[in-house]
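We count ligands from 1, going down the list as the structure has it; atoms in each ligand are counted the same way.
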Amino acid sequence: MPETAVLPVCDADVFSPAVLREPEELHHVLRSAGPVVHLSRYDVHALARYQEVHAALVDWQHFESGAGVGLANFRHEKPWRPPSLLLEADPPRHDAPRRVLREILAPPALRLLREAWQQTAEELVEHVLADATQFDAFTELARAFPLKVFPDAVGLGPDGRENLLPYGNMAFNSFGPVNDLVKADAHRVAELSAWVRAQCAREALAEDGFGARIWAAADRGDLTPAQAPLVVRSLLTAGVDTTVHGLAACLYAFATHPEQWQRLRERPELARVAFDEAVRWQSPVQTFFRTATTDVTIAGTVVPEGTKILMFLGAANRDPDRWDDPDRFDLTRDPSGHVGFGMGIHQCVGQHVARLEAEALLTALARRVEHIELTASPRRHLNNTLRSWASLPVRVHPGHSQARFR
Ligand code: OVM
């Protein structure tokens with residue numbers, strides 16, 4: 001019989017402000033400690049190496065999502081909202097909602113949006129540059145652009161869109177412990193949830209958006225009428241903050257790696273690779289949990305049935321055993337295989353939407369900007385799950401449009 005491995009223990013608060021602000025040191029400690037680490041403060045197990053994170057992500061039979069993908073165990077604790085039919089469900093319940101949303105957000109279904117989004121990106125960049133060459137790239141670009149295109153694509157009405165980011169921020173905080181970040185927003189849970197719920201109704205949605213297509217799936221019998229609003233809710237929960245902070249990761253990467261910006265300007269078709277490399281490098285979604293469905297052995301350690309397992313996507317995405325020079329943001333590497341969008345049956349269903357947004361914004365910017373640099377330290381916004389931003393002060397040198405862009 002193989003010897004049982006000694007389980008390393010880490011007593012750090014992995015959701016403390018210091019860790020959320022700068023997680024790299026903790027990631028290094030956890031990867032070095034062993035393939036599985038007990039986090040004594042929360043009594044959960046942690047995976048931070050690429051191999052184990054990847055293996056857990058693709059093994060939904062042993063690592064379930066239905067007990068919640070946050071710290072709270074839905075077997076014992078009442079969730080703060082009805083569980084997501086996608087994120088917080090396992091096969092077979094997960095399958096129909098997933099199939100429906102996958103079709104609606106697949107590349108062929110997005111082709112019609114491409115030109116309009118490119119145009120919107122060109123106008124936004126033009127407008128920002130006309131105003132100033134120094135600005136906040138987080139608020140003016142990374143935050144502004146998704147809000148210009150995504151709510152319209154869903155078919156949301158005009159009122160209350162300012163609730164989208166606060167709702168997403170709340171949802172992503174809710175995967176962590178009930179710390180100060182969660183408490184700070186507690187007074188808005190009812191109001192924001194009610195607004196989101198109202199937007200998910202058929203009557204609230206335009207006739208030609210993602211939302212209407214979800215309701216059409218219910219009309220065809222591919223979803224029940226009770227499932228449709230919850231699938232719309234997934235779009236509103238997972239589709240805004242993620243892309244905002246993903247785009248911010250790109251802009252931060254380029255502002256701090258001028259030679260990579262030159263590479264993108266020379267070859268704008270690298271925009272999509274650049275986005276994936278930025279997602280690998282920053283991992284906008286840092287962590288998710290699973291729950292062990294049986295006693296499960298991970299690298300020689302038996303993890304008991306019912307244990308919450310915290311997967312550090314950001315640590316896996318910089319594991320030196322998987323990536324050469326992992327801390328480098330580098331457009332010449334192949335970032336595919338990163339777990340920033342997860343992996344397996346729950347892998348981000350909106351990733352093609354996110355890539356399309358990134359491609360539009362980055363190419364519009366590359367066309368007009370020769371150089372982008374930080375003018376002050378960027379400010380992080382702290383969230384229990386998202387590696388997020390408050391500001392990204394930059395100066396740009398507008399350049400002449402290059403021939404290859406015309
Ligand atoms: C959801 C969902 C999916 C992915 C991420 C997420 C808040 C939510 O289905 O509601 O984060």
Side-chain angles (χ1 to χ4, degrees), residues 15 20 57 60 63-72 74 79-91 93-105 146 150-151 154 156 163-178 181-182 185 188-189 192-197 199-200 210-211 214 217 223 226-246 279 283-290 310-311 313-314 339-355 357 381-388:
F15 295 98
L20 296 177
L57 283 168
W60 58 267
F63 302 93
E64 69 169 343
S65 293
V69 298
L71 178 62
F74 294 177
W80 69 283
R81 60 175 195 169
S84 164
L85 302 181
L86 290 134
L87 184 71
E88 295 156 332
D90 302 293
R93 290 178 52 241
H94 168 262
D95 300 342
R98 173 78 188 195
R99 197 174 310 120
V100 165
L101 201 53
R102 195 209 313 119
E103 288 298 315
I104 292 169
L105 303 180
F150 185 74
V154 173
L156 279 194
N163 292 325
L164 286 167
L165 284 167
Y167 182 79
N169 184 56
M170 199 171 78
F172 279 99
N173 271 330
S174 75
F175 299 122
V178 184
L181 293 172
V182 170
D185 283 342
R188 298 201 67 187
V189 174
L192 291 170
S193 302
W195 180 79
V196 165
R197 187 157 18 123
Q199 309 318 305
C200 297
F210 299 145
I214 291 168
L223 293 175
Q227 287 176 316
L230 279 174
V231 176
V232 178
R233 194 192 67 180
S234 284
L235 286 181
L236 301 184
T237 312
V240 189
D241 301 62
T242 47
T243 54
V244 164
H245 297 294
V279 170
S283 300
V285 175
Q286 285 274 302
T287 48
F288 269 132
F289 289 81
R290 293 290 188 261
L310 179 50
M311 305 176 298
L313 309 178
V339 291
F341 288 127
M343 199 54 79
I345 65 165
H346 291 283
Q347 192 183 37
C348 179
V349 74
Q351 60 183 285
H352 307 291
V353 180
R355 286 204 189 91
E357 289 183 21
H381 168 78
L382 298 191
N383 181 283
N384 281 333
T385 303
L386 291 176
R387 182 137 213 223
S388 48

Could you check whether any side-chain N or O of [X] sits under 3.5 Å from a backbone N or O of [Y], counting only pairs where one atom can act as donor and the other as acceptor?
X    : Y    : value
S388 : H381 : yes
E103 : R99  : no
D90  : G66  : yes

- Task: Look at atom CZ of R197 and say whether more than 12 heavy atoms of other residues, nucleotides or ligands are closer to it than 6.0 Å.
- Result: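 Atom CZ in R197 is not packed in, count stays at 12 or less.
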- Message: Working to the nearest 0.5 angstrom, can you tell me the gap between N169 CG and L164 CG?
- Response: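 The CG atom of N169 sits 12.5 Å away from the CG atom of L164.
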- Compute the ring centroids of F175 and F289, then answer whether they are less than 6.0 Å apart.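 No; F289 has its ring centre 6.0 Å or more from that of F175.
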Short N or O contacts of ligand 1 with protein, under 3.5 Å, listed by atom name?
residue: ligand 1; atom: 9 (O); partner: S84; partner atom: OG; Å: 2.6
residue: ligand 1; atom: 9 (O); partner: S234; partner atom: OG; Å: 2.5
residue: ligand 1; atom: 10 (O); partner: R81; partner atom: NH2; Å: 2.9

